[in-house]
Amino acid sequence: QLQASGGGLVQAGDSLRLTCEASGLTFAGYTAAWFRQAPGKDREFVACVTWDGDSTDIAGSLKGRFAISIDNADNTVYLDLSSLKPEDTAVYYCAAGRVWNSRRLTKHYEYWGQGTLVTVSS
């Protein structure tokens, strides 16, 4: 199972760190990812990282503000959000799947966390 945490209410320009902890499975062999879903919108890809940390991918519009990292010793994936904007308001979900080439598609992820809400006020 995956447990996402770290969301909250922040002001524009603030930073947050989201945490995704795995229990009952390890990230070894998986790609760990973050997606987000704003009200009334489809779930969209945010970022992902291979289990060994060697490769990452971040959605183009978020590069420079968001960063993803993994700590295999703690079975935890982090998403660092900075310079937050009101349009970043969404529920953020972590996921794990044996995928890389199609890493931006939700259907390739087997495990999902419950989501953590990030609200950015202007």
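By the 30° and 60° cut-offs, the orientation of the rings of Phe35 relative to Trp112 is tilted. Note: Phe66 and Tyr92 have tilted aromatic rings, judged against thresholds of 30 and 60 degrees for the angle between ring planes.
In the hydrophobic cluster analysis, where Ile, Leu, Val, Met, Phe, Trp and Tyr join through side-chain heavy atoms closer than 4.5 angstrom, Val99 is grouped apart from Leu25. Both Val49 and Tyr111 are assigned to one and the same hydrophobic cluster, defined by single-linkage of ILVMFWY side chains at heavy-atom distances under 4.5 Å. With hydrophobic clusters built from ILVMFWY side chains whose heavy atoms lie under 4.5 angstrom apart, Leu62 does not share a cluster with Tyr93.
Note on residues 12-33: pairs passing salt bridge (Lys or Arg N to Asp or Glu O under 4.0 Å), not counting sequence neighbours, are Arg17-Asp80. Judged as a salt bridge (Lys or Arg N to Asp or Glu O under 4.0 Å), the pairs with a partner in residues 45-61 (not counting sequence neighbours) are, in order, Asp57-Arg103, Asp57-Arg104.
For Val77 against Ala32, the heavy-atom pair with the smallest separation is CG2-CB, 3.4 Å. Contact between Thr76 and Tyr78 at its shortest, heavy atoms only, is CG2-CZ, 3.5 Å. In terms of heavy-atom proximity, Leu2 sits nearest to Ala22 at CD2-CB, 3.7 Å. Between Gly8 and Leu16, the closest heavy-atom pair is N-CD1, 4.2 Å. Here the closest heavy-atom approach between residue Trp34 and residue Leu79 is recorded as NE1-CB, 3.5 Å. For the pair Ser121 and Pro86, the tightest heavy-atom approach, listed with the atom from each and the gap, is C-CG, 4.5 Å.
Interatomic distance, Thr56 OG1 to Ile58 CD1, rounded to the nearest 0.5 Å: 5.5 Å. With values rounded to the nearest 0.5 angstrom, Ser15 atom OG is found 8.0 Å from Leu81 atom CG. In this structure, CZ on Arg65 lies 6.5 Å from CG on Leu84, to the nearest 0.5 angstrom. Rounding to the nearest 0.5 Å gives a distance of 9.0 Å between CZ of Arg36 and OG1 of Thr89. Separation of atoms OG (Ser61) and NZ (Lys85) is listed at 8.5 Å; rounding is to 0.5 Å.
Legend: residues meeting side chain to side chain donor-acceptor pair (under 3.5 Å) with Gln37, ordered by chain and number and at least two apart, are Arg43. For Phe27, the ring pair (Phe, Tyr, Trp, His ring centres under 6.0 Å) test picks out no residue, with sequence neighbours left out.
Residues near Leu9 contribute nothing to a hydrophobic cluster around it, because no ILVMFWY side-chain heavy atom sits closer than 4.5 Å to its side chain.
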| task | List the steps, then state whether side-chain contact (heavy atoms from CB on, under 4.5 Å) holds for Asp88 with Val118. | result | CA-CA 8 Å; Asp88 294 319; Val118 174; 5.5 Å; no
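Although no hydrogens or angles enter the test, the distance criterion places no donor-acceptor pair under 3.5 Å between the side chain of Ser55 and the main chain of Thr50. Judged by distance alone, with hydrogens and angles left aside, the side-chain atoms of Gln114 form no donor-acceptor pair with the main-chain N or O of Gln3 at under 3.5 Å.
At most 12 non-hydrogen atoms from other residues, nucleotides or ligands lie less than 6.0 angstrom from CD of Gln1.
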Indicate every side-chain donor-acceptor pair of residues 67-74 with a distance under 3.5 Å to a residue at least two apart or in another chain.
{"unit_1": "Asp71", "atom_1": "OD1", "unit_2": "Ala73", "atom_2": "N", "d": "3.0"}
{"unit_1": "Asp71", "atom_1": "OD1", "unit_2": "Asp74", "atom_2": "N", "d": "3.3"}
{"unit_1": "Asn72", "atom_1": "ND2", "unit_2": "Trp51", "atom_2": "O", "d": "2.3"}

